[in-house]
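Structure, as structure tokens:
Please read these numbers as outputs of a predicted model, since none were measured by experiment.
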Amino acid sequence: MRYDYLVVGAGLYGAVFAHEMARSGKKILVIDRRENIGGNIYTYEDMGINVHKYGAHIFHTSDKKVWKYINKFAEFNNYVNSPVAVYKDELYNLPFNMNTFSKMWNIRTPEEAKAIIEKQSQEEIARIRSERGEEASTEFEAANLEEQALSLAGRDIYTKLIKGYTEKQWGRDCKDLPAFIIKRLPFRFIYDNNYFNDLYQGIPIGGYTLMIERMLGMAACEDAADNVPEGSIEVRTGVDYYDFVQMADGVIAKPFASVNGDSFEKIVFTGMIDEFFGYKLGTLEYRSLRFETESLPEVDNYQGNAVVNYTEREVPYTRIIEHKHFEYGKGKGTVVTREYPATWKHGDEPYYPMNDERNNSLYAQYKELADNFSGVIFGGRLGQYKYYNMDQVIAEALKAAEA
């Protein structure tokens, strides 16, 4: 079979691109090595609860074009992300706001909170300068993430809400992490627990998988005008790209064809860009995740919130997700997931690019190879080695489809 595009990856980027190309009259083959579509936003049903298999995903954006676009495929509820953080026996609201500061210091006003943060941050800067033998008149420059966080937030917030969580997330001591990871901290001197500042926010009613199915023509959109032409997109899961396409010298052979004789004019690749080129320049680093999901049919409310973060390094998981609260579930039974950060190695799922100086430099070399490898579009977090929120993924896919 001849296809206009082979889309490698049935996640959000691949689904948006495939949908747009199909609507423009192209024939698309979408493959994914996983057995499910949707990539990391895949959801499945358990006891009537839509479970986020690969971690919590809350859609949020201030891009009106993206919001209008995604609403063609899903109706969103009015869920507002308001996580809480647990440190030892203390419970704090996130993001850092007046509820957080009031609980931490028993204060009421923004002026009091600002004064404490300023006092503690200046004390930490003075201490660091003294240890360095540095004059106070010189401009302070943090040497690592710990110094950066202490200089911005002071000792209390750093110790209770930043240090342990960050070290678990990155798998390194804060003293061994670059300062640029925390360029600023989002302090809000109002009593507001809404984690995002975006105009639009919510969870798709019925789960993310249905949304992706509509994009790929596997389920009908509410407005028939938004459907792709019948038969324009074919989806195959459980298909590994490297077993599927014809390879030569570690990369796909040209002209593009599968081992079974299917042919493709162009390819959209949403996997790891270094893997595409056979790691010939070296291996980019990623952080991985491990999930432990537990169904609790006799429990109707496990923790009272969708997301609870655990900020002590001694607690091995970073957060517990209770999925029913994303869609205001009221019935008996619940499903919880513990999320564990993990060091990535070949064969693991890569979730977050490690965008430090060394890896960004290596990615730039791979991008140069990609720019000279005609007929292939590299997209998404892994293809572009960049952390994207869901709305940014959609915007990037639409831009590529319009090019």
Taking the six-membered ring for Trp and the single ring otherwise, decide whether the centroids of [X] and [Y] are under 6.0 Å apart.
{"X": "W67", "Y": "F76", "result": "yes"}
{"X": "Y366", "Y": "Y385", "result": "no"}
{"X": "F269", "Y": "Y241", "result": "yes"}

Side chains of E20 and Y69, donor plus acceptor under 3.5 Å:
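Note: E20 and Y69 side chains meet the donor-acceptor criterion.
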Looking only at side-chain N and O atoms, does S82 offer a donor or acceptor that is under 3.5 Å from a partner on N193?
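Side chains of N193 and S82: no pair found under 3.5 Å.
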Under 3.5 Å donor-acceptor, [X] side chain and [Y] backbone:
{"X": "K324", "Y": "G333", "result": "yes"}
{"X": "E112", "Y": "T109", "result": "yes"}
{"X": "E322", "Y": "Y302", "result": "yes"}
{"X": "N372", "Y": "E368", "result": "yes"}
{"X": "K26", "Y": "I233", "result": "no"}

Would you be so kind as to tabulate the donor-acceptor pairs closer than 3.5 Å made by side chains of residues 216-232, with sequence neighbours excluded?
unit_1 : atom_1 : unit_2 : atom_2 : d
D223   : OD1    : A225   : N      : 3.0
N227   : OD1    : C221   : N      : 2.7
S232   : OG     : P229   : O      : 2.6

According to the interplanar angle, ranging from 0 to 90°, do the rings of [X] and [Y] count as parallel (below 30°), tilted (30 to 60°) or perpendicular (above 60°)?
{"X": "F373", "Y": "F256", "result": "parallel"}
{"X": "Y310", "Y": "Y317", "result": "perpendicular"}
{"X": "H346", "Y": "Y279", "result": "perpendicular"}
{"X": "F276", "Y": "F378", "result": "perpendicular"}

Considering only heavy atoms from C-beta outward, does the side chain of E147 approach that of R127 to under 4.5 Å?
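No; the side chains remain at least 4.5 Å from each other.
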How about V80 and Q201: do any of their side-chain heavy atoms sit closer than 4.5 Å?
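Yes; the side chains approach each other to less than 4.5 Å.
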Can you tell me if E131 has over 12 outside heavy atoms packed within less than 6.0 Å of its CD?
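Atom CD in E131 is crowded, with more than 12 foreign heavy atoms closer than 6.0 Å.
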Starting at CD1 of I321, measure out to CG of N309 and round the result to the nearest 0.5 Å.
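One finds 9.5 Å between CD1 of I321 and CG of N309.
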Work out which heavy atom in P316 is nearest to a heavy atom in Y340; give both atom names and the distance.
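Here P316 and Y340 meet closest at O-CD2, 3.7 Å.
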Any carboxylate oxygen within less than 4.0 angstrom of a Lys/Arg side-chain nitrogen, looking at K332 and D300?
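No, this pair does not count.
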Under a 4.0 Å threshold between the charged nitrogen and the carboxylate oxygen, would K65 count as salt-bridged to E402?
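Counted as a salt bridge, because a side-chain N and a carboxylate O are separated by less than 4.0 Å.
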In chain order, what residues pass the ring-ring contact (aromatic ring centres under 6.0 Å, His included) check against F326, with sequence neighbours excluded?
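F326 satisfies ring-ring contact (aromatic ring centres under 6.0 Å, His included) with H52, Y79 once adjacent residues are dropped.
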Contacts of type ring-ring contact (aromatic ring centres under 6.0 Å, His included), residue W170, not counting sequence neighbours
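Checked W170 against ring-ring contact (aromatic ring centres under 6.0 Å, His included); zero matches.
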